[in-house]
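See below for the structure under consideration.
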Amino acid sequence: MTQKEFRDFKESLKVVFAGYKRINSKMEQRLRLLGFFMIRQKKHYIFVYNLGEKRLQFEVDKTPGDRRSGIKTACDIARIIQKELVS
């Protein structure tokens with residue numbers, strides 16, 4: 001993934017998680033288009049992202065803590081993916 005592709009990916013992720021209150025079918029579909037697979041659990045969602053041979057998992061609360069939690073989640077996911085791309 002090039003730097004430009006990663007920036008576009010990160011911005012798309014931010015758009016998907018903007019105003020996150022709960023996962024709806026539209027948001028789930030957008031995440032699937034970005035390459036994520038979602039597993040529902042009792043209090044969390046687990047997002048699985050395949051990065052070549054690596055399988056990354058991200059745990060997200062079903063109910064956000066504050067109004068910016070969606071953006072923070074998107075940035076955290078992007079940071080972890082970028083770290084894996086570099087290594």
Side-chain angles (χ1 to χ4, degrees):
M1 185 181 293
T2 65
Q3 288 290 347
K4 184 182 181 324
E5 290 172 342
F6 179 75
R7 279 195 309 267
D8 292 342
F9 174 80
K10 184 177 177 180
E11 288 305 313
S12 298
L13 201 58
K14 282 183 179 181
V15 168
V16 170
F17 275 101
Y20 169 66
K21 292 185 180 174
R22 61 188 156 101
I23 301 288
N24 55 27
S25 61
K26 186 177 179 181
M27 188 175 178
E28 186 176 352
Q29 183 180 19
R30 287 177 162 178
L31 286 167
R32 204 173 298 127
L33 288 173
L34 288 173
F36 289 92
F37 174 75
M38 187 174 78
I39 301 169
R40 297 174 193 265
Q41 291 191 334
K42 189 172 182 178
K43 295 184 180 185
H44 296 90
Y45 295 111
I46 295 179
F47 295 109
V48 179
Y49 186 75
N50 291 319
L51 187 64
E53 301 259 334
K54 295 182 182 180
R55 183 176 175 190
L56 305 175
Q57 293 185 357
F58 307 98
E59 190 172 299
V60 179
D61 292 333
K62 281 193 173 179
T63 55
D66 63 355
R67 63 184 177 92
R68 290 197 35 87
S69 64
I71 299 296
K72 291 176 186 177
T73 300
C75 289
D76 290 343
I77 291 171
R79 185 173 3 95
I80 292 169
I81 291 173
Q82 185 178 30
K83 189 185 302 184
E84 289 296 322
L85 285 171
V86 172
S87 63

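On a predicted model such as this, the values are computed, not experimentally measured, just so you know.
Residues satisfying the ring pair (Phe, Tyr, Trp, His ring centres under 6.0 Å) test with Tyr49, not counting sequence neighbours, are Phe9, Phe36.
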Derivation of the side chain to side chain contact (heavy atoms under 4.5 Å, CB included) call for Ile80 and Lys83: CA-CA 5 Å; Ile80 292 169; Lys83 189 185 302 184; 5.6 Å; no
Criterion side chain to side chain contact (heavy atoms under 4.5 Å, CB included) on Met38 and Ile23, from CA distance to verdict: CA-CA 10 Å; Met38 187 174 78; Ile23 301 288; 3.8 Å; yes
CA sep, side-chain torsions, deciding dist, call: Thr63, Arg22, side chain to side chain contact (heavy atoms under 4.5 Å, CB included): CA-CA 6 Å; Thr63 55; Arg22 61 188 156 101; over 6 Å; no
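No salt bridge links Asp76 with Lys72; every basic N to acidic carboxylate O contact stays at or beyond 4.0 Å. In this structure, Arg40 pairs ionically with Glu28, as a charged nitrogen and a carboxylate oxygen lie closer than 4.0 Å.
The heavy-atom pair separating Lys14 from Cys75 by the smallest distance is CE-SG, 3.5 Å. Minimum interatomic distance between Leu31 and Phe17 (heavy atoms only, all atoms of both residues): CD2-CE1, 3.9 Å.
The backbone N or O of Asp8 lies less than 3.5 Å from no partner atom in the side chain of Glu11, so there is not a single donor-acceptor pair.
Contact annotation: the side chain of Lys43 never approaches that of Asp61 to less than 4.5 Å [non-hydrogen atoms, C-beta and beyond].
Linking ILVMFWY residues whenever their side-chain heavy atoms come closer than 4.5 Å, directly or via other members, places Leu34 and Ile77 in the same cluster. If you chain together hydrophobic residues whose side chains sit under 4.5 Å apart, Tyr45 and Val16 fall into the same group.
Atoms OH and OG1, on Tyr20 and Thr73 in that order, are 7.0 Å from each other to the nearest 0.5 Å. Interatomic distance, CD of Gln41 versus NZ of Lys62, reported as 8.5 Å (0.5 Å rounding). Atom CD of Gln82 sits about 11.5 Å away from atom CG of Leu51, to the nearest 0.5 Å. Expressed to the nearest 0.5 Å, how far CD of Glu84 lies from CD1 of Ile81 amounts to 9.5 Å. If you take CG on Leu85 and CD on Gln3, they are separated by 9.0 Å, rounding to the nearest 0.5 Å. In this structure, the separation between CG on Leu13 and CZ on Arg30 is 11.5 Å, given to the nearest 0.5 Å.
No more than 12 heavy-atom neighbours from other residues, nucleotides or ligands sit within 6.0 angstrom of NZ on Lys21.
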